[in-house]
Amino acid sequence: MAIDFEIKFYGVRGTYPVSDKNMIKYGGNTPCVYMKVAGKNFIFDAGTGIIKLGEEVNTKEFDANIFITHMHHDHIQGLSFLKPLFLDENSNIKIYCKNYKEATFESIIKAFLHEPLFPYNIDTSKAKHEFEPIESGDIIEFGDIKVYTIQNNHPDGGLGYKVTYNNKSCCYITDYEVKEENIDELTNFIKGTDILIMDATYNKEEYKEKEGWGHSTWEDVTHIAKDAKVKKLFLFHHKPTRTDRELNEIQKNARKILKNTFCAKEDERVVL
Ligand SMILES: [Zn+2]
Ligand SMILES: [Zn+2]
């Protein structure tokens, strides 16, 4: 049977990229998840992981929809080195995110990919590119593929996403702090999904000092995924100081709550 829904992790590390001999197994690039659905390319976040994705597709007529959760550095810092965007006139790149009260996301990206922060100007990039502002609650349709959105609980907000196609689904929700008051909304959004990729930056102990920083604990996320009957959970946005050994331990303990739980790993491919 042809594969019509596949997912690949290009960056799973939160906050800032890391390179360390104790962080080889899970990887050090900041968030980027690729989904190929019914032949269409979807990319979630443009952290440093997107650079490798761009290298892999090289500059060959790459048509992609990039959904960005929010404008924090770790979610856009790879955009500047996305080869098809800057080098290929036959590529088409559409970028989606929410606008901010003070500025459109288009103006933020244009300032980020512009002198003096960057030597080129995104307006001179070769690919056709456009910016599409979206809001929580929007459903973006690509034929039978639908992308649903949810409001993230994070400083300055953000969007979580769910992609559905042919009775299959994958949720990508990162930079989201679980609180008593948003558990019901989150549970409804992820209910029964095949794959949930979810912010699990902290453990319970660490969270005590980080309440309000906009991230969740692996304990909360695993319990919620279990209650929502999620089929497979990937803990994501790993704390930058988290070692491979610590992530192995988290995965082992999380599986006592929900058996099908994995710490997301760079380069891992999942077929639905
Ligand atoms: Zn982040
Ligand atoms: Zn953030």
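Here the structure is a predicted model, which is why all the values come from computation and not from measurement. Order of listing sets the numbers, starting from 1, for every ligand and every atom in it. Only heavy atoms go into these numbers, but all of them, side chains included; no hydrogens, no water, no symmetry mates.
Under the 4.0 Å criterion applied to side-chain N and carboxylate O atoms, Lys25 and Glu268 are not assigned as salt-bridge partners.
Screening residues 130-142 for side chain to side chain donor-acceptor pair (under 3.5 Å) gives Ser136-Gln151 as the qualifying pairs, with residues at least two apart or on separate chains.
The Zn ion (ligand 1) has Asp74 OD2, His75 NE2, Asp175 OD2, His237 NE2 as its protein N, O or S neighbours under 2.8 Å.
Under the ring pair (Phe, Tyr, Trp, His ring centres under 6.0 Å) criterion, Phe189 pairs with no residue at all, not counting sequence neighbours. In terms of the ring pair (Phe, Tyr, Trp, His ring centres under 6.0 Å) criterion, Tyr34 has no residue partners (sequence neighbours excluded).
Tyr165 and Asp144 share no donor-acceptor pair across their side chains, judged by distance under 3.5 Å alone.
Relative ring orientation between Phe142 and Phe42 is described as perpendicular, the plane-to-plane angle rising above 60° on a 0-90° scale split at 30° and 60°.
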